[in-house]
Amino acid sequence: MLISIRDELVPQKGHLFGRACATPKLSTRNRRSPMMSTKKKKLPSHSRGSGNVFADLGLANAQEHQLKAALVVQLKRLMAEREITQTEAARLVGVKQPNLSRMLRGQLRLVSVVKLLRMLTAFHQDVEITVKPHRKRGRAGRITLFRPDSCRKGEGS
């Protein structure tokens with residue numbers, strides 16, 4: 001007589017985490033386990049992203065949201081490099097610590113792009129803005145944050 005393990009697990013009574021310490025439910029039927037299946041599973045339908053998660057979600061002002069997020073990531077990187085607390089960083093950039101905390105957690109409606117740029121300059125960063133014609137005529141321009149290689153490797157300050 002062969003005994004196989006079913007796909008389902010039965011939680012032990014009185015255990016808080018249920019499935020963490022579950023015991024297998026035994027079946028007397030002889031079934032193939034899911035790991036022995038030769039069928040290929042179909043992937044759910046999906047599409048390639050645009051590179052801007054905010055545009056993929058259909059949000060208005062997606063480029064502005066993407067720019068703000070990139071600038072906040074840069075601020076977090078600078079805070080980590082200097083090993084300073086949120087309180088110290090808030091004092092440096094001129095905002096209240098709770099507002100800085102919300103911003104670092106992704107609540108970007110609290111701050112404008114201009115304010116984020118000023119925060120970067122408070123961290124002794126140069127901010128350069130370049131305006132040029134878009135490469136493909138007839139299409140809307142785009143906003144891009146460019147970090148030189150020296151900033152990516154942590155060589156510059």
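Note that these values count all heavy atoms, side chains included, but never hydrogens, waters or copies made by symmetry.
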Legend entry - Shortest non-hydrogen contact between Leu100 and Ala90, atoms and distance: CD2-N, 3.6 Å
Legend entry - For Gly49 against Asp56, the heavy-atom pair lying closest together: CA-OD2, 3.5 Å
Inset, instruction - To the nearest 0.5 Å, tell me how far Ser112 OG sits from Arg118 CZ. - result: 7.0 Å
Inset, instruction - Drop me the distance from Leu108's CG to Leu116's CG, to the nearest 0.5 angstrom. - result: 7.5 Å
Give a yes or no on whether [X] and [Y] share a hydrophobic cluster (residues Ile, Leu, Val, Met, Phe, Trp, Tyr; joining criterion: side-chain heavy atoms under 4.5 Å apart).
X      : Y      : answer
Val72  : Phe54  : no
Val131 : Val114 : no
Leu75  : Leu110 : no
Leu92  : Val127 : yes

Side chain of [X], backbone of [Y]: donor and acceptor closer than 3.5 Å?
X     : Y      : answer
Glu64 : Asn61  : no
Asn52 : Ala62  : yes
Lys68 : Val113 : no

Inset, instruction - Please say which of Lys96, Gln97, Arg102 ends up in a side-chain hydrogen bond (donor to acceptor under 3.5 Å, both in side chains) with Asn99. - result: Arg102
Inset, instruction - Output, in order, the C-alpha distance, side-chain angles, deciding distance and verdict of side-chain contact (heavy atoms from CB on, under 4.5 Å) for Met103 and Val95. - result: CA-CA 11 Å; Met103 184 185 63; Val95 297; 5.7 Å; no
Inset, instruction - Step through the shown structure and confirm whether more than 12 heavy atoms of other residues, nucleotides or ligands are within 6.0 Å of CZ on Arg82. - result: yes
Inset, instruction - Could you give me the CA-CA distance, side-chain angles and deciding distance for Val53 and His65, then say whether side-chain contact (heavy atoms from CB on, under 4.5 Å) is met? - result: CA-CA 9 Å; Val53 68; His65 290 303; over 6 Å; no
Inset, instruction - Could you go through the side-chain contact (heavy atoms from CB on, under 4.5 Å) check for Asp126 and Leu120 one step at a time? - result: CA-CA 8 Å; Asp126 289 334; Leu120 286 171; over 6 Å; no
Legend entry - Residue pair Thr85, Met79: steps toward the side-chain contact (heavy atoms from CB on, under 4.5 Å) verdict: CA-CA 7 Å; Thr85 64; Met79 287 172 59; over 6 Å; no
